[in-house]
Amino acid sequence: SGSDSSGALVFHASDFAVKKEQMRITSIGNVGIGTTDPGADKLDVRGKGFGWGGWQTINSDYAEWFIKEEETRPGDIIGINLQTGKARKYRSGDKFIGIHSSNSAFVGNRSAETAEDMQKTSVLVGLLGQLDFNKSQVIINGRTVKTIDGQDIGVILSGGKVLIGK
């Protein structure tokens, strides 16, 4: 272990004569395990992880990045255009996939270094969990929420969010 000239705290392990960096805490508190550059993320782990217990978060949905056809806003109902295979604000005839999310608990399919880079070409879509949604884009019957052409979305919870997923 030790520090380098950038103010980072660096942890090394050695395999006989070869010293290899294993973990780094940058001067701004970001942690990288298996990488020398954790970038803008508070925690960047390169490799598999295991937890004995659980991970808790205040955010409430699982989301993935989808290549977008147009700009959308958080809460928009998102569909896949069956002609292009790209995500867009839901239209009749699309395949409903989820709701544009702005604060997901878990995010999959990120291929760029930052979320800001991903937003240039993709939209973050909440696929499962409790999400805020634009009520003007759906049909509501009691607590049941459907797309404008009748595809099931989910159920409105007591707090006003919609629960999507099965």
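These numbers come from a predicted model, not from an experiment.
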Subject >> Nearest heavy-atom neighbours spanning V145 and I140 >> reply: CG2-CG1, 4.4 Å
**OP:** Measure the spacing between CD of Q137 and CD1 of I77 and express it to the nearest 0.5 Å.
**Re:** 5.5 Å
**OP:** Would you mind reporting whether L131 and I164 have side-chain heavy atoms less than 4.5 Å apart?
**Re:** yes
Subject >> Inter-residue atom distance H12.NE2 - K19.NZ, 0.5 Å rounding >> reply: 5.0 Å
Subject >> Side chains of K68 and S122 in contact at under 4.5 Å (non-hydrogen atoms) >> reply: no
Subject >> hydrophobic_cluster_shared for V125 and M118, side chain cutoff 4.5 Å >> reply: no
Original post:
Which atoms form the tightest heavy-atom contact between V123 and A87, and what is the distance?
Top reply: CG1-CB, 3.7 Å
Subject >> CG/L157: more than 12 non-hydrogen atoms of other groups inside 6.0 Å >> reply: yes
Original post:
Does any N or O in the side chain of D149 come within less than 3.5 Å of the main-chain N or O of G93, such that one atom is a donor and the other an acceptor?
Top reply: yes
Original post:
Just wondering, do N59 and S104 contact through their side chains at under 4.5 Å, heavy atoms?
Top reply: no
Original post:
In Å and rounded to the nearest 0.5 Å, what is the CD to CG distance from E64 to L127?
Top reply: 5.5 Å
Original post:
Given side chains that start at C-beta, do those of N134 and Y90 come closer than 4.5 Å, heavy atoms only?
Top reply: no
Original post:
Okay, side chain of N109, backbone of W65: is any donor-acceptor separation there less than 3.5 Å?
Top reply: yes
Original post:
Can you tell me if D61 and S101 form a side-chain donor-acceptor pair at under 3.5 Å?
Top reply: yes
**OP:** Hey, could you give me the OG/CG distance between S60 and L163, rounded to the nearest 0.5 Å?
**Re:** 9.5 Å
**OP:** Verify, without hydrogens or angle tests, whether R24 (side chain) and T36 (backbone) share a donor-acceptor contact under 3.5 angstrom.
**Re:** yes
Original post:
Looking only at heavy atoms, what is the nearest atom pair of L128 and G165, with distance?
Top reply: CD1-CA, 3.6 Å
Original post:
With no hydrogens and no angle check, is any side-chain donor or acceptor of E70 less than 3.5 Å from a backbone partner on K89?
Top reply: yes
Subject >> Donor-acceptor contact present, side-chain Q151 to main-chain F96, <3.5 Å >> reply: yes
**OP:** List the atom of V31, the atom of I25, and the distance in Å for their closest heavy-atom pair.
**Re:** CG2-CG1, 4.0 Å
Original post:
Have D117 and T114 got a donor and an acceptor in their side chains that come within less than 3.5 Å?
Top reply: yes
**OP:** Report yes or no: do I33 and L9 belong to one cluster of Ile/Leu/Val/Met/Phe/Trp/Tyr joined by side chain heavy-atom distances under 4.5 Å?
**Re:** yes
Subject >> Same cluster (ILVMFWY, side-chain, under 4.5 Å), Y62 and I80 >> reply: yes
Original post:
Which pair of heavy atoms, one from V138 and one from I153, lies closest together, and at what distance?
Top reply: CG1-CD1, 3.7 Å
Subject >> K20, NZ: over 12 other non-hydrogen atoms inside 6.0 angstrom >> reply: no
**OP:** Considering only NZ, NE, NH1 and NH2 on the basic side and carboxylate oxygens on the acidic side, decide whether K86 and E69 come within less than 4.0 Å.
**Re:** no
Original post:
Yes or no on side-chain contact (heavy atoms from CB on, under 4.5 Å) for D152 and K146, after CA distance, side-chain angles and deciding distance?
Top reply: CA-CA 5 Å; D152 285 331; K146 295 183 180 273; 2.5 Å; yes
Original post:
Side chain of D76, backbone of I78: donor and acceptor closer than 3.5 Å?
Top reply: no
**OP:** Check whether the side chains of T35 and D37 place a donor and an acceptor atom closer than 3.5 Å, and report yes or no.
**Re:** no
Subject >> I99-I148 co-clustered via ILVMFWY side chain contacts under 4.5 Å >> reply: yes
**OP:** Kindly confirm or rule out a cation-pi arrangement of K135 over F133, judged by NZ or CZ under 6.0 Å from the six-membered ring centre and within 45° of its axis?
**Re:** yes
Original post:
Which value, rounded to the nearest 0.5 Å, describes the distance between Q119 atom CD and T121 atom OG1?
Top reply: 10.0 Å
